[in-house]
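Working notes, beginning with the structure itself.
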Amino acid sequence: MTHIKRISELQVVIGHEVTLNGWLYKNRPSGKVQFLMLRDGSGLCQCVIEKDKLPEDLFGQIKHLGQESSLSITGLVRQEPRSPGGVELAVTAVEIHTPAVDYPITPKEHGVDFLLKNRHLHLRSQKPWCIGRIRHTVIDAIRRFFNDNGFTLIDTPIFTTIAGEGEQTLFEVDYFGQPLHLTQTGQLYLESAAMSFGKVYCFGPTFRAEKSKTRRHLTEFWMVEPEVAYIDLPGLLDLAEEFVFSIVQRVLKDNHDELETLGADIAALEATQTPFVRLSYSEVVDILTSDRTQKFMAAQLEQFQGQKRMMEQELAQIEAADAKGGLKKWQQEKNARRLQKIRSELVELQVKIDNNPKHARLAADFCWGKDLGGSDETIISLMHARPVFVTHYPKAAKAFYMKADTEDDRVVENFDLLAPAGFGEIIGGSVREDDYEKLLARIDEEGYNPDSYQWYLDLRKYGSVPHGGFGLGVERTVAWITGEKHIRQCIAFPRLMDKVYL
RNA sequence: UCCCCGAUAGCUCAAUUGGUAGAGCGAGCGGCUGUUAACCGCUAGGUCGUAGGUUCGAGUCCUACUCGGGGAGCCA
């Protein structure tokens with residue numbers, strides 16, 4: 001009796017005959033034996049076909065199958081260390097569903113633009129698949145954490161009537177003639193829910209119309225936002241710390257293989273232990289403008305230039321060897337591939353070398369009162385091996401609803417969490433202003449219409465309590481954990497500024 | 001909006017100071033019983049992003065435009 005199995009289940013059915021339903025990832029015919037790499041969505045498995053085990057015409061047909069042809073393969077499961085999952089299938093029967101011809105994405109390298117234009121197909125490749133699995137774990141860990149800690153899920157609206165932090169960054173939609181906006185945060189709605197349930201969270205897509213074309217920005221991304229009644233800033237930091245730690249632990253436990261395939265820095269993730277670093281904004285300003293930062297940047301520049309020299313040396317050596325001649329064909333080809341790789345790495349390195357002095361200058365010239373720029377966050381996070389909390393930003397640089405610090409009225413009780421190794425901000429959060437008069441004054445100062453905020457002000461009228469929360473960007477978190485440079489790889493169908501592919 | 005870089009075969013990239021467009025991968029055919037981005041032989045595949053200009057001659061130089069990448073500003 002043959003059972004249909006998924007590749008991820010094969011370890012427990014060694015010695016049995018099973019059927020796998022999947023797609024051809026790679027075919028290596030070799031005379032009288034063929035190695036089919038099959039993927040079925042749960043993993044990869046090598047299937048070995050010996051010529052005399054199948055009808056001759058079927059064996060020939062399989063030999064000419066293109067990548068991504070859909071197949072059902074039946075065979076005996078046996079241990080084989082040379083196969084990706086440690087087991088392989090000794091094939092006894094093959095059913096071809098749909099042969100594929102000229103699949104555009106090959107196991108070789110492709111450019112960013114090409115892959116995004118073919119995102120619907122690229123999703124089948126190893127790298128997007130691994131990232132997708134890790135994203136799934138991250139989201140599951142997020143829900144588990146809040147559900148297990150007494151939080152109630154509240155689904156806040158996508159169409160919103162009021163802005164969280166300034167209206168110029170919102171997408172406007174025509175709602176039966178009335179202008180509404182796509183949500184950029186569920187926070188204001190969540191605050192009212194917190195007064196009902198105590199501890200709540202929302203989780204969904206969020207939209208920003210900012211003209212930001214960087215590796216950290218999407219116009220549509222997913223954000224989870226907890227909001228808690230009766231909490232202060234230290235309480236929020238503890239919550240965020242425990243929360244992020246739990247996500248990292250879950251990914252390490254559930255997705256070790258995927259992290260390895262992606263080449264993620266597993267040791268660095270394991271080193272992400274609590275407590276995280278805690279700095280105030282003012283301390284960060286001191287660090288940025290200090291000699292220590294200038295030395296740090298200079299050391300980094302020196303390191304980049306050292307790498308550049310080494311690469312240029314290798315380049316020259318290879319070119320000299322080529323010019324000398326007498327190389328075998330395979331050596332020439334190997335050299336050509338290496339040259340190509342070095343050249344593209346040199347371009348990337350040169351950008352870092354060019355940017356270093358600019359970023360060093362931005363840091364040195366930083367004045368108290370400005371919001372931290374992307375490069376400033378990068379510098380601070382590069383200087384620390386653990387995530388860094390930055391607290392107490394200047395009031396003027398932050399949103400109207402943040403509570404002023406009781407000791408220093410110039411700053412608010414807020415925090416950002418910077419992921420280590422230069423990834424930058426993954427969380428922004430704050431204690432909310434809970435005093436009716438102070439909040440009304442801030443709304444006036446920002447020039448907003450108080451009528452629009454009537455219901456929000458009501459929360460301060462009826463049993464107001466200290467409360468606060470934060471938002472964590474899912475794609476940024478996934479990018480940090482997986483080691484991806486650009487967050488567009490961390491969502492299935494990314495929406496970029498001025499660019500929607502599919 | 002500004003700055004830098006780029007656009008050559010299906011994909012990734014070469015092409016010496018302007019002189020007959022190449023390679024690898026992929027595709028097709030053939031070979032190989034243990035392959036791991038396999039290997040070996042053969043074949044097909046191009047209006048060099050678009051438009052104009054300089055020149056005996058332009059992939060290469062000049063101008064404009066289109067598209068893409070990176071960075072800045074702005075922001076999660």
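Just so you know, these numbers use all the heavy atoms, side chains as well, and skip hydrogens, waters and symmetry mates. In the text below, chain A, chain B and the rest are named by the order of the sequence lines, each starting its count at 1.
In this structure, CD on A:Glu56 lies 4.5 Å from NZ on A:Lys51, to the nearest 0.5 angstrom.
Every pair passing salt bridge (charged side-chain N to carboxylate O under 4.0 Å, His left out) that includes a residue from residues 31-40 of chain A is listed here, sequence neighbours excluded: A:Arg39-A:Glu68. Residue pairs meeting the ring pair (Phe, Tyr, Trp, His ring centres under 6.0 Å) criterion with at least one partner in residues 338-382 of chain A, sequence neighbours excluded, are A:Tyr281-A:Trp368.
At a threshold of 4.0 angstrom between heavy atoms, the contacts of A:Lys26 are confined to the sugar-phosphate backbone, with no base atom among them. Among the heavy atoms of the strands, none lies under 4.0 Å from A:Gly424. At a threshold of 4.0 angstrom between heavy atoms, the contacts of A:Val112 with the nucleic acid are absent. When heavy atoms are screened at a 4.0 angstrom cut-off, A:Arg216 is found touching base atoms of the nucleic acid. No contact: A:Tyr103 has no heavy atom under 4.0 Å from any strand. Across all strands shown, A:Tyr25 has no heavy atoms under 4.0 Å from either base or sugar-phosphate atoms.
Comparing the same atom, C1', in B:rU12 and in B:rG71 gives a spacing of 24 Å after rounding to whole Å. Across the C1' atoms, B:rG22 and B:rG34 are found 35 Å apart, a figure rounded to whole Å. To the nearest whole angstrom, the two P atoms, one in B:rG68 and one in B:rG26, are 30 Å apart. B:rC48 sits 13 Å from B:rA14 when the C1' atoms are compared, rounded to a whole Å. B:rA37 and B:rC3 are spaced 45 Å apart, taking the P atom of each and rounding to whole Å. Nucleotides B:rU66 and B:rG30, compared at atom P, are 50 Å apart to the nearest Å. On the P atoms, B:rG6 is 11 Å away from B:rC62, given to the nearest whole Å. Separating the P atom of B:rG31 from that of B:rG70 is a span of 46 Å, rounded to the nearest Å.
For A:Ser430, the side-chain contact (heavy atoms from CB on, under 4.5 Å) criterion is met by A:Tyr401, A:Met402, A:Asn414, A:Arg432, not counting sequence neighbours. By the side-chain contact (heavy atoms from CB on, under 4.5 Å) test, A:Thr378 pairs with A:Leu382, sequence neighbours left out. For A:Phe59, there are no ring pair (Phe, Tyr, Trp, His ring centres under 6.0 Å) partners, not counting sequence neighbours. Residues forming a salt bridge (charged side-chain N to carboxylate O under 4.0 Å, His left out) with A:Asp257 (at least two apart in sequence, or on another chain): none. Residues meeting the side-chain contact (heavy atoms from CB on, under 4.5 Å) test with A:Ala264, sequence neighbours left out: A:Leu259.
The nearest whole Å value for the distance from the CG atom in A:Leu115 to the P atom in B:rU12 is 8 Å. Rounded to whole Å, the distance from CG on A:Asn355 to C1' on B:rC2 is 15 Å. Going from atom NE2 of A:His110 over to atom P of B:rG69 covers 17 Å, rounded to whole Å. Protein atom CZ of A:Phe304 is 13 Å distant from nucleotide atom P of B:rG71, rounded to whole Å. Spacing between atom CG of A:Asp102 and atom P of B:rG28 amounts to 7 Å, rounded to whole angstrom units. Here B:rG70 presents its C1' atom at 11 Å from NZ of A:Lys485, a figure rounded to the nearest Å. When rounded to the nearest whole Å, the span between CD of A:Gln67 and C1' of B:rA37 equals 11 Å. Rounded to a whole Å, the NZ atom of A:Lys117 is 11 Å from the C1' atom of B:rG49.
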Reading 5' to 3' through nucleotides 30-36 of chain B, protein heavy-atom contacts under 4.0 Å coded B for base, S for sugar-phosphate only, - for none: S-BSBBB
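With distances taken from any side-chain atom of A:Phe114 to the nucleotides B:rG71, B:rG26, B:rC11, the minimum falls on B:rC11.
The distance between the ring centers of A:Phe146 and A:Phe243 falls below 6.0 angstrom.
Contact between the side-chain N/O atoms of A:His486 and the OP1/OP2 oxygens of B:rG69 is not found at any separation under 4.0 Å.
Between A:Ile380 and A:Leu372 there is no side-chain heavy-atom pair separated by less than 4.5 Å.
Between the side chains of A:Thr185 and A:Glu225, at least one donor N or O lies within less than 3.5 Å of an accepting N or O.
Two residues, A:Ile487 and A:Met497, neighbour RNA chain B, and the one matched to the more 5' nucleotide by heavy-atom proximity is A:Met497.
Secondary-structure stems of RNA chain B, taken as three or more successive Watson-Crick or G-U wobble pairs (i with j, i+1 with j-1) under a 3.5 Å distance threshold, comprise B:1-7 with B:66-72, B:10-13 with B:22-25, B:27-31 with B:39-43, B:49-53 with B:61-65.
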